[in-house]
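What follows is one structure encoded as structure tokens, with my remarks underneath.
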Number of protein chains: 2
Amino acid sequence: MMEAEIFKALADPTRRAIFEKLADGRMNASSLRDGMDISQPAMSQHLAVLCQAKLVRQERQGRFVNYEVDPDGLALIAGWLAKYRAYWPARIDALKTLLKDMDQ
Amino acid sequence: MMEAEIFKALADPTRRAIFEKLADGRMNASSLRDGMDISQPAMSQHLAVLCQAKLVRQERQGRFVNYEVDPDGLALIAGWLAKYRAYWPARIDALKTLLKDMDQ
DNA sequence: ACAACAGATAAGCACACACTTATGTATTGC
DNA sequence: GCAATACATAAGTGTGTGCTTATCTGTTGT
């Protein structure tokens, strides 16, 4: 199961912060670092974990590697969440917005 | 943030299995155990983690404690997911179904 | 009251994980 | 070619986590 990798990846606050930063737009590893007080190897390791969880994907661009949010990971979480729709509260505004967007 | 507790709770495969079992209906700790090859203290500890993450809630019933899925936790995940709706793939069947449910 | 039962808590242990420093591998510009 | 840059990997270390056994609390039935 890849759920294991996804939830493990998101269990770390630093990785969630990285993911959140990437949600603002694609970025290379160095740009991700500034303002984050994290060593270069640590960043590299975190990005590897996020990639393996399919939350982030990479694209080499010469000497740089650009990282961006991978929709596959989000879809997997959505799929997991959907299994428990019987227990959803009647109204979740955030989700209603989300789902309306998808319905066009 | 409670996202930390939620994702940490779901990062463990045993806890996800417990949660999945609870999704089929409320159950006490002993009933949850059978067929799971897990010690009584381990189950108790896992349930405590799930409760603190608001994924599960408990209700004492005499000598037993019944556990059930807590919608609050699912709502928190949905809220987290909604923040990244810009990156969702165009079609996710599971969520389209969900949308139809909510539109009624 | 007391034994049986349901569950929580305590303490200890083995392993996973996030970090570090050091080094390796590509790619770019001079 | 060669130094500098961007990033990955290796190896070691401290802490967190999930398990265990042992014990404790609280409830039920006799």
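Excluded from the calculations below are hydrogen atoms, water molecules and symmetry mates; all remaining heavy atoms, backbone and side chain alike, are included. Proteins get letters first, then strands, A, B, ... in listed order; numbering begins at 1 in each.
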Let me know the distance between CG of B:L47 and C1' of D:dG18, rounded to the nearest Å. 14 Å
Provide, to the nearest angstrom, the distance between the CZ atom belonging to A:R63 and the P atom belonging to C:dT27. 11 Å
Indicate whether the side chain of A:Q61 and that of A:N66 have a donor and an acceptor atom separated by less than 3.5 Å. yes
CA sep, side-chain torsions, deciding dist, call: B:I6, A:F7, side chain to side chain contact (heavy atoms under 4.5 Å, CB included): CA-CA 9 Å; B:I6 294 226; A:F7 288 126; over 6 Å; no
With hydrogens left out and only the distance checked, is there a donor-acceptor pair under 3.5 Å joining A:Q40's side chain and the base of D:dA8? yes
From the options C:dA18, C:dA8, D:dT9, select the nucleotide whose nearest atom is closest to the side chain of A:S44. D:dT9
Give the rounded distance in Å between these two atoms: CG of A:L50 and C1' of C:dA18. 13 Å
Return no unless some side-chain N or O of A:Y67 is found under 4.0 Å from OP1 or OP2 of D:dA6. no
When you match A:A11 and A:Q61 each to their closest nucleotide on DNA chain C, which lands nearer the 5' end? A:A11
Same cluster for A:M43 and A:V65 if Ile/Leu/Val/Met/Phe/Trp/Tyr side chains link at under 4.5 Å? yes
Nearest whole angstrom, please: distance from the P of C:dC19 to the CG of A:D37. 10 Å
Between C1' on C:dA16 and CZ on A:F7, what's the gap in Å once rounded to a whole number? 20 Å
I need the CZ-P distance between A:R33 and D:dT5, as an integer number of Å. 14 Å
Yes or no on side chain to side chain contact (heavy atoms under 4.5 Å, CB included) for B:I18 and B:M36, after CA distance, side-chain angles and deciding distance? CA-CA 9 Å; B:I18 293 169; B:M36 275 208 74; 4.0 Å; yes
In plain terms, say whether A:K83 and A:E3 are close enough for a salt bridge, that is, a side-chain N and a carboxylate O under 4.0 Å apart. yes
I want to check one thing: is the phosphate of C:dG7, taken as OP1 and OP2, less than 4.0 Å away from some side-chain N or O of B:S30? yes
Just compare C:dA8, D:dA10, C:dA18 and give me whichever is closest to any side-chain atom of A:Q45. D:dA10
Starting at CD of A:Q52 and ending at C1' of D:dT9, how long is that distance when rounded to a whole Å? 14 Å
Measure NZ/B:K8 against P/C:dA16 and give the value in whole Å, please. 18 Å
For A:P41 and A:F64, take the nucleotide of DNA chain D holding the closest heavy atom to each; which residue's nucleotide lies nearer the 5' end? A:F64
Do any side-chain nitrogens or oxygens of B:T14 fall under 4.0 Å of OP1 or OP2 in D:dC19? yes
Out of C:dT20, D:dC7, D:dT20, whichever nucleotide has its closest atom nearest the side chain of A:A29: D:dC7
What is the nucleic acid contact for B:R60, judged by heavy atoms within less than 4.0 Å: base, sugar-phosphate only, or nothing? nothing
